[in-house]
Amino acid sequence: INRVITAMKILGIETSCDETGIAIFDTDKGLIADQLFSQIELHAQYGGVFPEIASRDHIKKTIPLIKQACEEAKISLEDLDGIAYTAGPGLIGALLVGSSVGCSLAWALDLPSIEVHHMEGHLLAPLLDDVKPEFPFVCLLVSGGHSMLVDVKSMGDYTILGDTLDDAAGEAFDKTAKLLGLGYPGGKILSELAVHGDKTRFKFPRPMLNRPGLDFSFSGLKTAVRITWMREIAEENYNESQHKDQLVKDIAASFQEAIVDTLVKKCQRAMKQTSYKTLVIAGGVSANSELRIQLKDLDKKLRIKSFFPALKYCTDNGAMIAFAGAMRLMKEQNHNNVIKAYPRW
Ligand code: KG4
Ligand code: ZN
């Protein structure tokens, strides 16, 4: 059959953690629907993501958001050409919601279902922008669960140049925020406070910079911050809350500086190693404004060009899954509707 597929509409379902993200990507028109429900308020009282509550809320939101996405795109389910869903990594219960809804819907509509790796979704998110990076590029992928440098030769051709040996960058942000009593979601709150802090007050270690290679390790930095915090609290008279507030801001700024400095120097190394001229930053931590500022400086220094996703596509969303699914479907056509969920993919 010589049916030429001119344009495809792919539904994307993201339920790997604490955001229900549903979007529709049209290979002709681009993103035609984008729905997101953030569970932040549900988890805030626990200081972190409560997995069972996450799963239950995804169950409540997934189908209503799919309906809303169809309304937004002014299409019906029958107009879809494929269903993409995050198959991992992530929380098993949360993943199972998206994968079972996605596969069931695909089966009912007689469409292919496409399992998407959450990190590939993040990695491709900058391609949703009007001004897109071109292959090949180096991608600094920094989220709550991963910190990686990836050599991206083309769609699907990825070589990991460096990985985290312990905590991911976002995890380090979150744990430090928790230590400082900033609550959840820590990374964003900490970075907002850091703007008002003195980043030179504390000199925290820049992990792994004195060694060759592109791997990351942030657990030592986290410990250094903890020791400083405990010492300061014990030694100084912080009864005056104003002083304590300033201490928190200064630690936040000094910690952020150590992390950003480490990430930027590793990016510099990766650019030299590959001789590529394009750097892409993606994942939740790519929303960090200090990281954006310092990488823009690196652009000038190395005569490269760096690309960041729009802020709403840095953290978890359905658009990146719909897009990655569309790219995968165009490349390889054999997709079965076996429900897949790989928490540690
Ligand atoms: O990509 P993402 O939404 O989820 C995962 O795939 O893990 O990333 C979430 C991570 C969290 O650790 C969060 O603290 C961090 O991204 N994050 C930030 C900022 N916004 C989100 N970290 C630093 N600065 C920010 N502005
Ligand atoms: Zn993510």
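When a ligand or atom number is given, it counts from 1 through the structure's own listing order.
Of all atoms in ligand 1, numbered sequentially from 1 with element shown, those under 4.0 Å from a heavy atom of S191 are 24 (N), 25 (C), 26 (N). Contact atoms of ligand 1 toward G144: 5 (C), 7 (O), 8 (O), 9 (C), 10 (C), 12 (O) (distance under 4.0 Å to a heavy atom of the residue). Under a 4.0 Å criterion applied to the non-hydrogen atoms of G284, ligand 1 contributes the atoms 1 (O), 2 (P), 8 (O), 16 (O), 17 (N), 18 (C), 19 (C), 20 (N), 21 (C). Close approach of ligand 1 to G145 (heavy-atom distance below 4.0 Å) involves ligand atoms 7 (O).
Residues in residues 88-117 take part in these salt bridge (Lys or Arg N to Asp or Glu O under 4.0 Å) pairs, two or more places apart or across chains: E115-K340.
Each of M320, H146, H117 was scored for a side-chain contact (heavy atoms from CB on, under 4.5 Å) with H122, with one residue passing: M320. With L298 as the fixed residue, the side-chain contact (heavy atoms from CB on, under 4.5 Å) test singles out one of Q268, R303, K265: Q268.
Between K61 and D57, at least one side-chain nitrogen of the basic residue sits less than 4.0 Å from a carboxylate oxygen of the acidic one, meeting the salt-bridge criterion. Look at K244 and E232 and you find no salt bridge, because none of the NZ, NE, NH1 or NH2 atoms lies under 4.0 Å from a carboxylate O.
In terms of heavy-atom proximity, K266 sits nearest to L209 at CE-CD2, 3.9 Å. Closest approach of M271 to T278, counting heavy atoms only: CE-O, 3.5 Å.
Counting heavy atoms under 4.0 Å from ligand 1, residue H118 touches it through the side chain alone. Counting heavy atoms closer than 4.0 Å to ligand 1, residue H122 contributes side-chain atoms (C-beta onward) but none from N, CA, C or O. Proximity of N288 to ligand 1, defined as any heavy-atom pair under 4.0 Å, is shared by backbone and side chain alike.
In terms of protein heavy atoms, atom 4 (O) of ligand 1 is closest to D316 OD1, 3.3 Å. In terms of protein heavy-atom proximity, atom 14 (O) of ligand 1 is nearest to D174 OD1, 2.5 Å.
Residue-and-atom listing of protein N/O/S atoms under 2.8 Å from the Zn ion (ligand 2), sorted by chain and number: H118 NE2, H122 NE2, D316 OD1.
When only interatomic distances are considered, the shortest N/O to N/O separation between F173 and ligand 1 does not fall below 3.5 Å. At a 3.5 angstrom cut-off on N or O pairs, G283 does not count as close to ligand 1.
Shown here are the side chain to side chain contact (heavy atoms under 4.5 Å, CB included) partners of I59, two or more places apart in sequence or in another chain: V97.
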| request: Begin from the C-alpha positions of L140 and V150 and carry the test side-chain contact (heavy atoms from CB on, under 4.5 Å) through to its verdict. | output: CA-CA 7 Å; L140 172 70; V150 188; over 6 Å; no

Extract all donor-acceptor atom pairs below 3.5 Å that involve side chains of residues 33-42 and protein atoms in other chains or at least two apart in sequence.
residue : atom : partner : partner atom : Å
D34     : OD2  : Y313    : OH           : 2.9
Q35     : NE2  : E72     : OE1          : 2.8
S38     : OG   : E19     : OE2          : 3.4
S38     : OG   : I40     : N            : 3.3
Q39     : OE1  : H43     : NE2          : 2.8
Q39     : NE2  : A54     : O            : 3.2

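Residues V152 and P136 fail the side-chain proximity criterion, which asks for heavy atoms closer than 4.5 Å.
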